[in-house]
Amino acid sequence: MKKVLILPYHIDKLDDLHHLSEGILEESIYLISKSSQIKTASRTTSLYVKANPIPLEKLKTEHQVDYLIEGNLKQINGEYIIFTRLFKIDTKEELLAFDTLVQIEKWTISVKLIVKNVLNIIDGGESNFSFKDTSDKTKAREYYLRGLYHWHRYTYPEMLLAISFFKKSIKENKSLAVSHSAIADCYSIIGIMGYDNPILAFETGRKFSNRSLVLNNKRSESYVSAAFIDIFFDRNFHQAEINLTQALKLNSENIKAHHASAMNHIHKKQFNKAKHHAEITIREEGLAIPHYAMMIRILIYMKDYVNAKKYITDALKIDKNAHPIIELRGLTNLFLGHIESSIEDFKYCKETEKNNPIYYAYLAFAFAKSGFYAEAMQLENEVRDLDLQQNTGLFNYAIGIIRLGFNQEKEFFKHIERSIRFNLGLLPGEFLCNPIFDTIRNTFKYTSLLHLINLDNSTYKTNQREKPSQIITINTQTSETFEIDPQKILYAEGNDNYSTLYWKNMGTIEKRTLRATLKSIQSQLRGFDYIQRCHKSFIINLNNHLVLYGNSKTSYFKSPDIPIQIPVSRARYKLLKEYIIKQN
């Protein structure tokens, strides 16, 4: 298969358009992958080669690249022009060089023209690329790409900027599912990292993830977004695996799906499976620091420090200043007993990212473990002086680590429990797997907290009949609508013109009262045979863990998930009993 590397276009002295460098790259990769059999080098490879130029022959041998595209955007006499060149790597021949006039407010149309010209040369007219000037939709796509530019920076301010552009994209085109899933991903990162209130972030993310699935349940990205929330908020790892399997069925090359799969397996302590997905991400995007960080983290959890150090060395060859890798080197040194080296690593990370309390905490832990108690206390005071929100759990998580360094178990658990109550996304996986917590793993309090965060496999009962998330919109007699996955419904209760839906969320039951009759709700759920009317006032999800009591005269359902007995009418008893027997 032919492979092309697209270098980020150089933007000539146009600082207000610097985002177009990556925007043209992202859109070109998307268009080529969508409309031809040509394989494109990853975004991270393109960015790396741009920053670290290498001879053409090495592109062929090291990255298996057959063609190279490069260019620049410049302004001449008030007009914007993209200049593009296409090279054949093995012969070093310039196959194409041309200018494209650009309307900045519709720049994606120009990228389509560029891709069409390039594919005509490489594919000889065999690609299925068709150019349509959809000027009415181009702005939505451009805002989406601008959002991606900020998303890839991963900091809190950049996440907020990304969300603002994704929302502008939706305003231009309400049916653009990828923008909804992208917003969901932003809020998931905010909740995982504790940039803002995790509960509010994840709940907001769920709304956009649900909407993405309603708009297009054939897009891989939508299922990955749902899986992030399954893993880090609901901690429903079985459902996450189902959604990620569906994502990879739709697009086996979705690197984010493999990355999320590794995360999911970590939470189940299935480290070999996690390694498998991490290996795929490194193989496909061998210059992406986050993929190396994932692999190193897995190896640290496995206490395979020898191989962790090998991956650390490889990652630092790509970027010698990558502080996520230096952080992991610090942890590796810490667990190997090389505390003076770990102190140097954590000092570097702290100075590089001065508002990250985790770096302060790790450094304080290393100081405390080597007897430098005054230095450790000073760092705790510095954490307290940081501009951190107190409702995210991140502050308590950091202070907890410091107290653990002092062997103050009672104080450690007090802070960790507070962090759990805020639902800090990063905490469960770390609490379960990070060797820094080894000293408290045999305590009763540790076991009870595992139960609290659904990591002891007791609070969530796997339903083997679960399918990928299937979000539907329930309409009411007013303008109000409600989106939900029918699989999550426990039951619905009707009362005249109103119905109340009940579903389980993180071990607790939530409800929503809608102005809609039970008959209307039943009709809208008709396509899901496991949801049945069982009584004039009740609808029930038969895929729940139910037991049917009584006989054809008087009967009811009981479930450990439902706090009340759900009555069953005489007319429905036989049918429902047969369904339960068949399913079990």
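All values below come from the heavy atoms of this structure, side chains included, with hydrogens, waters and symmetry mates left out.
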### Spacing of Ser469 atom OG and Ile242 atom CD1 [to the nearest 0.5 Å]
8.5 Å

### Query
Do side-chain atoms of Ser569 reach the backbone of His535 as a donor and acceptor pair under 3.5 angstrom?
no

### Task
Report the relative orientation of the aromatic rings in Phe202 and Phe233; use parallel for angles under 30°, tilted for 30 to 60°, perpendicular for over 60°.
parallel

### Query
Do Glu285 and Lys256 pass the salt bridge (Lys or Arg N to Asp or Glu O under 4.0 Å) test, and can you show the C-alpha distance, the side-chain angles, and the key distance before you say yes or no?
CA-CA 11 Å; Glu285 291 190 348; Lys256 191 186 287 186; over 6 Å; no

### Task
Answer yes or no: is there an ion pair linking Glu417 with Arg421, defined by an N-O contact shorter than 4.0 Å?
yes

### Task
Verify whether one side chain among Asn541 and Tyr530 offers a donor that lies under 3.5 Å from an acceptor in the other.
no

### Query
Taking the side chain as C-beta and beyond, is there a heavy-atom pair between Ile298 and Ile266 under 4.5 Å?
yes

#### Entry: Pi-cation contact, Phe165 with Lys168 (under 6.0 Å, within 45°)
yes

### Message
Looking at Tyr498, I'd like to know if its OH atom is crowded, meaning that more than 12 non-hydrogen atoms belonging to other residues, nucleotides or ligands lie closer than 6.0 Å.
### Response
no

### Query
Side-chain contact, heavy-atom cut-off 4.5 Å: Leu213 with Tyr223?
yes

### Message
In this structure, is the centre-to-centre distance between the rings of Phe166 and His180 below 6.0 Å?
### Response
no

### Query
Does Arg297 use its side chain to pair, donor to acceptor, with the backbone of Ile300 at less than 3.5 Å?
no

### Query
Between Glu241 and Lys268, does at least one N-O distance fall below 4.0 Å, as a salt bridge requires?
yes

### Message
Please check this pair: side chain of Ser499 against backbone of Leu518, looking for a donor-acceptor N/O pair closer than 3.5 Å.
### Response
yes

### Query
Under 4.5 Å between any side-chain heavy atoms of Ile484 and Ile471, yes or no?
no

#### Entry: Heavy-atom pair with the smallest gap, counting every atom of Tyr573 and Ser555
CD1-OG, 3.2 Å

### Task
Taking all heavy atoms of Leu328 and all of Ala293, pick out the closest pair and write down the distance.
CD1-O, 3.5 Å

### Query
Between atom CG of Leu145 and atom OG1 of Thr138, what is the distance when rounded to the nearest 0.5 Å?
9.0 Å

### Candidate pair Ser212 and Ser209, rule side-chain hydrogen bond (donor to acceptor under 3.5 Å, both in side chains), full reasoning
CA-CA 5 Å; Ser212 175; Ser209 173; over 6 Å; no

### Query
Glu430 versus Tyr397: any side-chain heavy-atom pair under 4.5 Å?
yes

### Message
Can you tell whether the side chains of Arg206 and Asp485 come within less than 4.0 Å, N to carboxylate O?
### Response
no

### Message
Do Ile189 and Trp151 have side chains that approach each other closer than 4.5 Å (heavy atoms only, starting at C-beta)?
### Response
yes

### Query
Which pair of heavy atoms, one from Gly191 and one from Pro198, lies closest together, and at what distance?
O-CB, 3.7 Å

### Query
salt bridge (Lys or Arg N to Asp or Glu O under 4.0 Å) between Glu26 and Arg141: does it pass, once the steps are laid out?
CA-CA 11 Å; Glu26 294 270 9; Arg141 182 73 187 169; over 6 Å; no

### Minimum side-chain heavy-atom gap Leu546-Lys558 below 4.5 Å
no

### Query
For Gly393, does its backbone N or O pair with a side-chain atom of Arg418 as donor and acceptor, under 3.5 Å?
no

### Ring centroid separation Phe431 to Tyr446 under 6.0 Å
yes

#### Entry: Within-4.5 Å side-chain heavy-atom neighbours: Gln532 and Leu576
yes

#### Entry: Side-chain donor-acceptor pair present, Thr481, Asn475, cut-off under 3.5 Å
no

### Query
Do Tyr579 and Leu575 pass the side chain to side chain contact (heavy atoms under 4.5 Å, CB included) test, and can you show the C-alpha distance, the side-chain angles, and the key distance before you say yes or no?
CA-CA 6 Å; Tyr579 186 97; Leu575 178 66; 5.9 Å; no

### Query
When rounded to the nearest 0.5 angstrom, what is the spacing between OG in Ser225 and CZ in Arg219?
11.0 Å

### Query
Do you know which two heavy atoms are closest between Ser222 and Asn216, and how far apart they sit?
OG-O, 3.5 Å

### Task
Tell me, yes or no, whether the heavy-atom count around Glu510 atom CD, taken from other residues, nucleotides or ligands under 6.0 Å, exceeds 12.
yes

## Note on the structure
Closest heavy-atom pair, Ile566 versus Cys534, reported as atoms and distance to 0.1 Å, is CG2-SG, 3.6 Å

### Task
Report yes if the distance between the aromatic ring centroids of Trp503 and Phe482 is under 6.0 Å, otherwise no.
yes

### Query
If you measure only the distance, is there a donor-acceptor pair under 3.5 Å linking the side chains of Glu142 and Thr108?
yes

### Query
Would you call the rings of His267 and Phe232 parallel, tilted or perpendicular, where under 30° means parallel and over 60° means perpendicular?
perpendicular

### Query
Does the His265 side chain pair with the main chain of His276, one donor and one acceptor, at a distance under 3.5 Å?
no

### Query
Counting only heavy atoms not in Lys577, do more than 12 sit closer than 6.0 Å to its NZ atom?
no

### Message
Tell me if the aromatic rings of His277 and His259 count as close, with their centers under 6.0 Å from one another.
### Response
no

### Message
When you measure from the side chain of Ser36 to the backbone of Ile32, do you find a donor-acceptor pair of N or O atoms at a distance under 3.5 Å?
### Response
yes

### Task
Please assess Asn544 against Ser559 for the test side-chain hydrogen bond (donor to acceptor under 3.5 Å, both in side chains), listing each intermediate value before the final yes or no.
CA-CA 8 Å; Asn544 289 319; Ser559 168; 5.9 Å; no

### Message
Strictly distance-based, threshold 3.5 Å: is any side-chain N or O of Ser33 a donor or acceptor partner for the main-chain N or O of Tyr30?
### Response
no

### Query
Does Ser523 reach the main-chain N or O of Lys519 with its side chain, forming a donor-acceptor pair under 3.5 Å?
no

### Heavy-atom pair of closest approach, residues Cys186 and Ile163
CB-CG1, 3.5 Å

### Query
What distance separates Gln470 CD from Asn217 CG, expressed to the nearest 0.5 Å?
8.5 Å

### Pairing of Glu105 and Lys139 as salt bridge, 4.0 angstrom limit
no

### Query
Can you list the steps and then say if Lys488 with Asp234 is a salt bridge (Lys or Arg N to Asp or Glu O under 4.0 Å)?
CA-CA 11 Å; Lys488 294 186 178 181; Asp234 294 338; 3.4 Å; yes

#### Entry: Worked check of side chain to side chain contact (heavy atoms under 4.5 Å, CB included) between Thr513 and Leu501
CA-CA 6 Å; Thr513 299; Leu501 287 174; over 6 Å; no

### Query
Are any non-hydrogen side-chain atoms of Leu427 and Phe422 less than 4.5 angstrom apart?
no

#### Entry: Side-chain donor-acceptor contact under 3.5 Å, Ser220 with Asn254
yes

### Query
Looking at Phe271, does the NZ or CZ of Lys275 lie under 6.0 angstrom from its six-membered ring centre and within 45 degrees of the ring axis?
no

### Interatomic spacing from OG1 in Thr40 to CG in Leu25 - rounded to 0.5 Å
8.5 Å

### Query
Are Arg43 and Glu22 ion-paired here, with the side-chain N under 4.0 Å from a carboxylate O?
yes

### Message
How about CZ on Arg153, more than 12 heavy atoms from neighbouring residues, nucleotides or ligands closer than 6.0 Å, or not?
### Response
yes

#### Entry: Derivation and outcome, side chain to side chain contact (heavy atoms under 4.5 Å, CB included), residues Ile539 and Tyr491
CA-CA 5 Å; Ile539 289 171; Tyr491 66 99; over 6 Å; no

